[in-house]
There are 2 protein chains.
Amino acid sequence: MFASLGGDRVPAEIGMPPPRINFSEFRYEKDEQIFGENEPADYVYQVTFGAVRSYKLLVDGRRQIGAFHLAGDIFGLENAAVHRFTAEAIVDTKVRLVKRQTLELIAEKDVLVARDLLNTTAAKLEHAEDHMLLLGRKTALERVATFLLEMDERLTRAGFFALPMNRRDIADYLGLTLETVSRALRQLDERGILGFLSCNQRQIVLLDRKRLTNLGA
Amino acid sequence: MFASLGGDRVPAEIGMPPPRINFSEFRYEKDEQIFGENEPADYVYQVTFGAVRSYKLLVDGRRQIGAFHLAGDIFGLENAAVHRFTAEAIVDTKVRLVKRQTLELIAEKDVLVARDLLNTTAAKLEHAEDHMLLLGRKTALERVATFLLEMDERLTRAGFFALPMNRRDIADYLGLTLETVSRALRQLDERGILGFLSCNQRQIVLLDRKRLTNLGA
DNA sequence: CGGGGGCTTGAGGCCACTCAACGATAGTGG
DNA sequence: CCACTATCGTTGAGTGGCCTCAAGCCCCCG
């Protein structure tokens with residue numbers, strides 16, 4: 001993303017603003033809020049290290065996490081004046097930020113940057129569309145299977161990874177309760193589809209990706 | 001949407017390609033497919049009359065409708081080579097269509113058109129984000145209330161309207177069954193929050209928008 | 001060693017689903 | 001005009017998957 005802003009020495013999927021663009025590095029501690037829903041959307045963020053959750057709340061506190069943002073991901077990019085999610089660091093996190101107005105001014109002249117904005121937004125839309133199918137029509141086991149495949153894809157693609165988020169975050173992402181997530185993981189463990197590493201319940205090995213894919217589809 | 005393509009004599013919210021852009025009118029009968037998921041996305045569509053549903057299917061037939069498209073709405077605009085939804089006419093429907101490539105060529109030169117593409121995509125993203133909250137965290141009654149408010153907003157804003165879609169479509173949009181939708185509507189009727197017009201179960205009057213809003217929020 | 005957070009596990013309940021029957025309406029053809 | 005059919009919607013009875021509530025485990029950390 002933002003490949004058009006990147007130099008050649010940087011992996012395209014991470015990207016990097018060229019020297020002429022002002023960007024700041026910033027750090028957030030675990031559970032620290034980065035921005036709140038309906039706050040002015042003055043900055044666009046990119047995770048350089050760590051993980052971020054963005055979510056909406058209902059008045060009684062029910063929470064829906066719309067997306068997790070991992071290293072390289074852009075977030076907080078709005079086409080409106082205000083943020084539509086609250087964003088919080090899941091673990092200690094470093095971000096880069098650019099003034100939204102700066103980006104927009106560049107986009108008006110540079111077609112490549114404009115196209116990047118569109119690509120980024122379209123990618124988020126595709127994710128949301130897939131997630132609607134999950135939330136509306138998949139069973140608890142299918143949701144968890146889909147989630148594990150997504151995390152494997154985004155974290156390592158290696159079949160094992162350490163989840164940065166806790167069970168409650170996963171549950172609020174998948175439209176479930178944390179107990180149901182826990183039970184689904186145990187079931188996948190019992191079936192030999194996944195395993196937990198080294199007594200740590202967040203370190204997961206995918207043992208049978210084929211069966212997991214069957215469940216997640 | 002696509003205001004930058006419109007002439008002054010056309011309402012901005014509907015828009016119209018200027019004379020130099022080739023666009024075709026097309027008609028689809030009730031339940032006719034307009035395009036299928038994973039088909040090449042060569043055209044972008046705009047509803048001029050009628051209504052369209054776009055949905056995804058799971059292998060066993062479970063369906064999630066991602067959006068309804070009403071008069072004036074753009075759909076089928078993808079940033080990828082293929083469509084990510086199947087689109088079908090809900091009732092007899094007229095659409096206008098433009099070659100996607102044409103639009104992209106123009107967007108590369110005309111910043112206003114490029115911005116329109118971004119705005120349209122961003123609006124769809126916002127809708128999807130709100131809908132994830134609904135699908136993940138709202139009760140059946142809250143979903144139906146939200147749906148009615150959305151339809152009132154988009155159809156007439158007058159407090160009464162005729163739904164183009166049947167109960168099954170509504171259910172597949174809200175992640176429910178058609179029976180649950182029916183029961184929720186009856187409950188809202190019994191509570192005096194809405195009424196049905198003239199023996200037609202699709203013609204609805206909102207009698208107490210305040211209580212409906214309380215439920216839908 | 002006590003405390004707390006994260007996670008698991010069990011028991012019971014409830015909301016939405018499933019299955020089934022029925023009613024209303026529109027269209028079709030005799 | 002009246003069957004006849006198909007579609008759509010409603011309603012009821014019963015089930016079940018996920019939620020709620022609660023207890024307990026494990027690990028980390030003071």
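Every value quoted in this text rests on a predicted model; they were computed, and no experiment measured them. Per chain, numbering begins at 1; letters A, B, ... match sequence-line order.
When the nucleotides C:dC7, C:dA16, D:dC8 are ranked by their closest atom to the side chain of B:Arg202, D:dC8 comes out on top.
Here the P atom of nucleotide D:dT20 and the CZ atom of A:Arg62 are 10 Å apart, to the nearest Å. When rounded to the nearest whole Å, the span between CZ of A:Arg186 and C1' of D:dC25 equals 14 Å. Separating the CZ atom of B:Phe196 from the P atom of D:dG9 is a distance of 10 Å, rounded to the nearest angstrom. As rounded to whole Å, 11 Å separates atom P of D:dT20 from atom CG of A:Asp60. Atom CG of B:Leu134 and atom P of C:dA16 are 12 Å apart (whole Å). Here D:dT7 presents its P atom at 19 Å from CG of B:Asn200, a figure rounded to the nearest Å. Whole-Å rounding puts the A:Leu185 CG to C:dT9 P distance at 11 Å. Atom NZ in A:Lys30 sits about 11 Å away from atom P in C:dG5, given to the nearest Å.
An OP1 or OP2 oxygen of C:dA16 is reached within less than 4.0 angstrom by no side-chain nitrogen or oxygen of B:Thr177. Here B:Thr180 does not reach the OP1 or OP2 of C:dA16: none of its side-chain N or O atoms lies under 4.0 Å away.
Electrostatic pairing of A:Asp73 and A:Lys124 does not count as a salt bridge here, judged by no charged N lying under 4.0 Å from a carboxylate O. Under the 4.0 Å criterion applied to side-chain N and carboxylate O atoms, B:Asp152 and B:Arg209 are assigned as salt-bridge partners. Taking the charged nitrogens against the carboxylate oxygens, A:Glu179 and A:Arg183 have no contact shorter than 4.0 Å, which rules out a salt bridge.
Between the side chain of A:Arg183 and the base of D:dT20 there is at least one donor-acceptor pair of N/O atoms closer than 3.5 Å. For a distance-only test at 3.5 Å, the side chain of B:Arg168 fails to qualify as a donor-acceptor partner of the base of D:dT10. Judged by distance alone, with hydrogens and angles left aside, A:Gln201 brings no side-chain donor or acceptor close enough to the base of D:dC27 to form a pair under 3.5 Å.
Using a 4.0 Å heavy-atom criterion, one finds that B:Leu176 contacts the sugar-phosphate atoms exclusively.
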(message) side-chain contact (heavy atoms from CB on, under 4.5 Å) for A:Arg137 and B:Lys56? Distances and angles first, verdict last.
(response) CA-CA 10 Å; A:Arg137 287 302 179 216; B:Lys56 288 173 183 287; over 6 Å; no

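Two rings, from A:Phe35 and A:Tyr45, have their centers less than 6.0 Å apart.
Looking at which nucleotide of DNA chain D each of B:Glu179 and B:Asp31 is closest to, the 5′-most match is held by B:Asp31.
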